[in-house]
Each structure stands twice: as C-alpha cells, then as structure tokens.
Amino acid sequence: MKIGYACLALAVPGSEMKSCTLKNAARDRLLSLTEYNLDALAHLIDYNIRNGILLFRISSDLIPFGSATAKDLPWERIFASKLTAIGQKFQNSGMRVSMHPGQYTVLNSPDESVARRSVEDLLYHDKVLSSLGLGREHKIVLHLGGAYGDKTQAKARFISRYRELNPSVRSRLVLENDDRLFHIGDVLETAGAEGVPVIFDTLHNSANPCDTSVSDADWIRRCSSTWLEDDGPQKIHYSQQHPDRKPGAHSESIGIDAFLKLYHQLAGIDLDIMLEVKDKNLSALKCINTVSNRGMSALETEWGRYKYSVLEHSPALYQGIRTLLKDKSEYPALEMYHMVEEAMGSPLLPGTAVNAAQHVWGYFRNSASESEQARFQNALGKFAAGESDLQPVKNLLNRLAKKYNENYLLNAYYFSI
DNA sequence: TGACGTCAAGATCCG
DNA sequence: CGGATCTTGACGTCA
C-alpha cells in the first residue's frame, strides 16, 4: 500500500517547476528550463523519500512543450546523467511514479491531427519515464476522450487507436473513468476488451456514476482483475468533493475520517492510492501518518509545520495539540489530525491571526532592518484595522523567511494554506 | 463563443 | 524600483 500526491508539493523550497510561453520557447530557453526542472524534481523526490511518500505523479510540464516544440531536442541525452541520478532515487527508495496527460490529450478524436498530436504526447510521456529507467509498472494515466455524440463509436475509435500505439506506450497505459462522459462501466468495458488496467477515480464516479447501487469498494474490487503481475499493484485515484464548488471539484484537503472509512473497506487488497487534492503532500502525509505508526518524531515534525496555521485559527486547539503530543508513549496521529482539521475548519479571527503573525515575526525581531520592522508593523496594523486582508502580512513574512534563510519557517505550512 | 481546469508567465498597476 | 494584483497562455470538447 502506497499513498501519494500529484505533480507539485506545498512548502518544499526548491521544488517549483518553471515554464514559458510558446513565443519564448527557443531552444536555449527550453534547455535551461528543462535543466532547472530536473533539479527541482530531484529536490522534490528527496523530500518524498525523507517523508516516506513512495507514490508520486511527475508533472507533464517537466520538459516544457515536450511533445511539440521540444520534441526533437535531445534532452534525454543532454541531461542523461541528471536523469540517471533521479532514476536511481526511485530505484533505491522503491518509489512508484506515474504521469497523466491532461484533458487535451484526446486519442479518440475524429480530428486526425488532434489524434496524431495525442500520440506524440503519449510518446513524450513514455520517453520521460523510460529515460528515468522506469519499468512498465510506472504508468501513464489517460481518459477515454470525447464522445462526439456517439459513445459506442467513440469507444471503438479509442480501441483502434490504442492498437496502433507503440508497444512501450501501450505497456504503460492505464484508463481512468472521467467526470462527465465515460463512467467506470464504459471504461471497464473498453479497457477490458484490450487488457488495459483500469484506474477507479472515486470523485469522478460520484460526479458521473455508472450504477449507484455499487459501492466504491466494489468498483475497486471489479477493477482489480484488470491489473496483471507486470502492471504492478492496482492503483486508484481518491479525492473528495469541494463543499462549495460544482460536483467533481477537488476538496482543499482530504478529510481523514472519510478516507479511513474507505481504507478499512479495502483491507487485504494490494492497492496504491493517488490523492487528488489541493493541499497535495499535506494530505498525503496526513493519510500515511494515520494508517501506519511512523513514530512520534514524524508527528512532531508535522506539528512543527502546522503549528502557526493552527495557532492563527485556534489558540485553544494549539494548546490542545501541544498537550496531546507530550505523552511520548502514544502515537496519537488520528487525534492530532482531527484537531488540525477542526482548527483549519474554523473561521480566521483577526485577533488570533495577528497573534500568530507576531509569533512568526519573532524569528526576525532581532535581525530585521528598521525598514523591515516598519513595513511589518504597517502591514499588520492595516490588517488589524480591517483595512486589508492577511495576505500582505504573510507575503512579507515569507520574503523575510527566504532572505534570512529560516528553514523551519520555509518548511512550515503557514505560507501555503 | 465561453466554460471548463491548471499553473505560472507576463503585464500592469501601485506606492 | 520592487512588490502586489490582474490577465493571459496552451490545450480540445461541449453546451
């Protein structure tokens, strides 16, 4: 069982990818961005390993315009040593990775040029994974595509295009149910005919159900037979509905109780769970730390990252978690995350937000210049007076954290959630 | 023709 | 000038 997150992480300095617009996509620019992004990826993988996160989706933006403008740049040769080094990190840690072309990669399009570019895009994704030395259990996740008014014909067109793909792409491809057109029944039918493994996406299934009398756990069991030995363990996508947004929109964070409910129904299945959620690595760590005992130090590290976020919402819960973690003989992960969720779900009051900002300011009180002091007091005063929101205060503190290299703060979630 | 979704680049505004 | 805040880009399908 591995639990992971997609593409980018919050509060991991040095892991941010860069891109550019098409009109600036000259060869040199693309190569320097690629080099930068490979270094960022290496940082992110190191973070994942340090934190016991062994499932990860690599961003398609790793090589900017990798399937079009940069298609013929020999990046895999130019950066062979960097790619090999990253591949070694996966190998040594046992990390499983995947990639997921976006909604604009449509293999079954009736437009031949769209389909052709989709094939190029799949070749690009396969080239990234192969250049990292990764085997076929490291998957490329795709949706069936468009319906064009005739789902039966659209499925048939997917199958015939799939058969024309090169063997390496085909060996990595897995199909996922989407949130509007092709539900899990469509995907099982289409993929089943071709021996393509199926990823069950819980939120897509609730937005676009096939049969509401079948539970998530049952759909997952039905998909398990599509995963053969060489494909690695079955994978699913797990996410929760955003409370205020339209059906299918991902939540800010994974609610731990709902996650555990499904998790316990899946006991005994060898399953990898990709979380799709706004707070990315934060929810991955929450789930990982809750389902296995990773030691008190792991919880203390997490608390260090959450503490100022909790403090600004609720001093009472801040004190409560401090007390909870004093007993070193226990592993109160679930209780801690319950309290974190309760705090983050409560409204941000100006008084407690000012208090938390002053705590963070304490890191710079002695080192900050006079003008920095004045700017902080000015920004905080404006917020306290209701003349602006908190973001300028946090931006200022974030800049100071970078300038004075306060790593404890740079790794905290305070600037990210 | 706009919405959809995603994120950062790029542009512009502001003190 | 640096920083904050808006707008654009890049993709294809569907209403």
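Residue numbering restarts at 1 for every chain, and letters A, B, ... go by the order of the sequence lines. Hydrogens, waters and symmetry mates are skipped; everything else that's a heavy atom, side chains included, is used.
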Starting from [atom2] on [N], measure out to [atom1] on [X] and report it in whole angstrom.
X: A:Arg375; N: B:dC14; atom1: CZ; atom2: C1'; answer: 13 Å
X: A:Gln391; N: B:dC14; atom1: CD; atom2: C1'; answer: 18 Å
X: A:Lys246; N: B:dT6; atom1: NZ; atom2: C1'; answer: 14 Å

### Side-chain N,O (A:Ser19) to OP1/OP2 (B:dA9) below 4.0 Å
no
### Message
Quick check on B:dC7: is either OP1 or OP2 less than 4.0 Å from any side-chain nitrogen or oxygen of A:Lys18?
### Response
no
#### Entry: Nucleotide interval of DNA chain C bounded by contacts with chain A (heavy-atom cut-off, under 4.0 Å)
C:dG3 to C:dC14
### Message
Centroid separation under 6.0 Å, is that true for the rings of A:Trp303 and A:Tyr318?
### Response
yes
For [X], report the nucleic acid contact type (base, sugar-phosphate, nothing); a contact means any heavy atom under 4.0 Å.
X: A:Ala249; value: nothing
X: A:Lys280; value: sugar-phosphate
X: A:Gly102; value: nothing
X: A:Ser59; value: nothing

### Message
Counting only heavy atoms and a strict 4.0 angstrom limit, can you tell me which residues of residues 23-47 of chain A come near DNA chain C?
### Response
none
